[in-house]
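Below is one structure, written out as structure tokens, with a few remarks after it.
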Amino acid sequence: MNRAELADFLRRGRARLTPSDVGLTPGSRRRTPGLRREEVAQLAGMSVDYYTRLEQSRGPRPSRQMLTALGRALRLTDVEQDHLFHLAGEEPPRRETASAHVRPGLLLILDRLHDSPAQVVTDCGEVLAQNAMAKALIGDVMSRPRRERNLARLFFLDPTARTLFPREDFEGHARAHVASLRAVAAARPDDPEPAELVAELRAGSPEFARLWDEHEVSRRDQATKRFLHPLVGLLELDCEVMVSHQHHHLLVVHSARPGTDAHERLQLLRVVGLQDMSPSKS
């Protein structure tokens, strides 16, 4: 681990970004350019003290998961992300699998979607990034341990995950998860990730095993989904899925047509659901 080079790389990466680049409000006047340390720590999901020690060349070696989170927070390119791993004494992630590194351009789009819940997920269903509206709609998935960020795993193995949807929609969601995962597993036969997820879900969920044996395969690029929110009630939203083939990533955006009841409820969610998510202005 090259602590001095890593510290310098982090400082320079932080200095080149503005709050608007990462979806944060500028807050009070800044004496120096770039993000504050606490803002990078917030975006990466780590303590300010830990991040500060990294920038001061005295922190312990970051885990691979932490390096991925730092790369996402600093909007690093693939080459820069690999460099970050090398400075920490780690091998960069393999590109032939679904990478956890989200391209800066995709994150920029996500940050600009202030009115619509949006998130970046892998084709296997792991949530990699959420905007504030997505967290208000379905909860802060990124705050969970990595194993608990997979939407298919949550749907079939965590009963509380289904409280997001009306009961009559369960079957449709279940079939969509299974059919999509079957398509991914067939497209990437040498990638252990989808195969291991399928094996886990078949063993842990009789419902998944039954649907898997029906051999349905599909990929949904658009759909209408209904969500049950504890504050604003039922929301019927249009779901659009945009694909980044290079990294097996999907940008999933939910929206409501103007003039509908769902649109009014979504606007209400933007007001009441984000009250506790505003970044600190200190």
Open item on the list: Using the rule given for side-chain contact (heavy atoms from CB on, under 4.5 Å), can you reason through Leu106 versus His249, listing the C-alpha separation, both sets of side-chain angles and the distance that settles it, and then say yes or no?
Closed with: CA-CA 9 Å; Leu106 205 54; His249 290 172; 4.3 Å; yes

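- At distances below 3.5 Å, not a single donor-acceptor pair connects side-chain atoms of Asn2 with backbone N or O atoms of Ala88.
- Using a 4.0 Å cut-off between a side-chain N of Lys or Arg and a carboxylate O of Asp or Glu, Glu80 and Arg16 qualify as a salt bridge.
- Remark: side-chain polar atoms of Ser205 are not paired, donor with acceptor, to backbone N or O of Arg202 under 3.5 angstrom.
- Rounded to the nearest 0.5 Å, atoms CZ (Arg270) and NE2 (His114) are 7.5 Å apart.
- In this structure, Arg162 is positioned above the aromatic face of Phe156, its NZ or CZ under 6.0 Å from the six-membered ring centre and within 45° of the axis.
- Checked by atom type and distance alone, the side chain of Ser116 never pairs as donor or acceptor with a backbone atom of Leu113 at under 3.5 Å.
- By the side chain to side chain donor-acceptor pair (under 3.5 Å) test, Arg12 pairs with Asp8, sequence neighbours left out.
- Tracing side-chain contacts under 4.5 Å through hydrophobic residues (I, L, V, M, F, W, Y), one never reaches Leu251 starting from Val184; they form parts of separate clusters.
- Taking CD from Glu38 and CG from Leu43, the interatomic distance works out to 11.0 Å, rounded to the nearest 0.5 Å.
- Checked against side chain to side chain donor-acceptor pair (under 3.5 Å), Gln56 has the following partners two or more places apart in sequence or in another chain: Arg58.
- Between the side chain of Gln130 and the main chain of Val141, a donor-acceptor pair closer than 3.5 Å is present.
- Put simply, CE on Met46 and OG1 on Thr52 are 10.5 Å apart, with the number rounded to the nearest 0.5 Å.
- Atom CG of Leu266 sits about 8.0 Å away from atom CG of Asp115, to the nearest 0.5 Å.
- Here the shortest heavy-atom pairing between Arg61 and Met1 reads CA-SD, 3.4 Å.
- The side-chain heavy atoms of His263 and Arg257, taken from C-beta on, include no pair separated by under 4.5 Å.
- Taking the side chain as every heavy atom from C-beta outward, Thr260 and Arg265 never approach each other to under 4.5 Å.
- Note on Leu211 and Leu157: same hydrophobic cluster, where clusters join Ile, Leu, Val, Met, Phe, Trp and Tyr whose side-chain heavy atoms are under 4.5 Å apart, directly or indirectly.
- Considering NE2 of His83 and OG1 of Thr77, their distance stands at 10.5 Å, rounded to 0.5 Å.
- Asp123 contributes atom CG, which lies 6.0 Å from atom CG of Leu250 (distance to the nearest 0.5 angstrom).
- When hydrophobic clusters are built by joining Ile, Leu, Val, Met, Phe, Trp and Tyr residues whose side-chain heavy atoms come closer than 4.5 Å, directly or via intermediates, Leu87 is grouped together with Tyr50.
- When all heavy atoms of Ala7 and Leu54 are compared, the pair lying nearest together is CB-O, 3.3 Å.
- Closest approach of Arg144 and Leu154 over heavy atoms only: NH1-CD2, 3.4 Å.
- Looking at Asp21 and Thr18, their side chains do bring a donor and an acceptor atom within 3.5 Å of each other.
- Residues Val241 and Val253 form no side-chain contact, since every pair of their non-hydrogen atoms from C-beta on lies 4.5 Å or further apart.
- A salt bridge between Arg147 and Glu200 is present, with a side-chain N of the basic residue lying under 4.0 Å from a carboxylate O of the acidic one.
- Cluster annotation: Leu164 and Val272 are assigned to the same hydrophobic cluster (Ile/Leu/Val/Met/Phe/Trp/Tyr, side-chain heavy-atom contacts under 4.5 Å, transitive).
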- [ ] Could you walk me through whether His254 and Met133 pass side-chain contact (heavy atoms from CB on, under 4.5 Å), step by step?
- [x] CA-CA 10 Å; His254 294 93; Met133 283 291 286; over 6 Å; no

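- Side chains of Tyr51 and Leu10 form a contact here, defined as non-hydrogen atoms less than 4.5 Å apart.
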Task: Stepwise side-chain contact (heavy atoms from CB on, under 4.5 Å) check, Arg103 with Leu108 - done: CA-CA 9 Å; Arg103 291 187 295 109; Leu108 181 63; over 6 Å; no

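- The main-chain N or O of Asp261 is never found under 3.5 Å from a side-chain atom of Glu264 such that the two would form a donor-acceptor pair.
- Across Arg75 and Pro104, no two heavy atoms sit closer than the pair O-CG, 3.1 Å.
- Without hydrogens or angle criteria, Arg182 side chain to Val217 main chain gives no donor-acceptor distance under 3.5 Å.
- By the 30° and 60° cut-offs, the orientation of the rings of Phe165 relative to Phe227 is tilted.
- Of the N and O atoms on the side chains of Asp49 and Ser47, not one donor lies less than 3.5 Å from an acceptor on the other residue.
- Applying the side chain to side chain donor-acceptor pair (under 3.5 Å) rule to Arg3 yields no partners; only residues at least two apart in sequence or on another chain are considered.
- Summarising the geometry of Ala73 relative to Val22, their closest heavy-atom pair is O-CG1, 4.0 Å, with the distance given to 0.1 Å.
- Proximity of Arg153 to Glu148: side-chain heavy atoms (C-beta onward) are nowhere separated by under 4.5 Å.
- In this structure, Arg37 pairs ionically with Glu55, as a charged nitrogen and a carboxylate oxygen lie closer than 4.0 Å.
- Taking the charged nitrogens against the carboxylate oxygens, Asp238 and Lys225 have no contact shorter than 4.0 Å, which rules out a salt bridge.
- Contact record, Leu84 with Leu76: CD2-CD1, 3.9 Å, taken as the closest heavy-atom pair.
- Counting heavy atoms from C-beta on, the side chains of Val252 and Val121 come closer than 4.5 Å.
- With Arg72 contributing its side chain and Leu128 its backbone, the two residues share a donor-acceptor pair below 3.5 Å.
- The ring pair (Phe, Tyr, Trp, His ring centres under 6.0 Å) analysis of residues 176-196, with sequence neighbours excluded, yields the pairs Phe155-His177.
- Under the 4.5 Å side-chain contact rule for hydrophobic residues, Leu35 and Met66 share a cluster.
- Although no hydrogens or angles enter the test, the distance criterion places a donor-acceptor pair under 3.5 Å between the side chain of Asn150 and the main chain of Cys124.
- Listed by chain and residue number, nothing satisfies the side chain to side chain donor-acceptor pair (under 3.5 Å) test with Arg149 (two or more places apart in sequence, or in another chain).
- At a threshold of 4.5 Å between non-hydrogen side-chain atoms, the residues Asn131 and Gln119 do not count as touching.
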Expected list for residues 168-176: side-chain donor-acceptor pairs under 3.5 angstrom, two or more places apart:
from	atom 1	to	atom 2	distance (Å)
Glu168	OE2	Arg226	NH2	3.0
Asp169	OD1	Arg226	NH2	3.1
Asp169	OD2	Arg226	NE	3.0
Asp169	OD2	Arg226	NH2	3.4
Glu171	OE2	Arg175	NE	2.8
Glu171	OE2	Arg175	NH2	3.3
Arg175	NH1	Glu214	OE1	2.7
Arg175	NH1	Glu216	OE2	2.5
Arg175	NH2	Glu214	OE1	3.2

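- Using a 4.5 Å heavy-atom threshold, the side chains of Pro92 and His86 count as touching.
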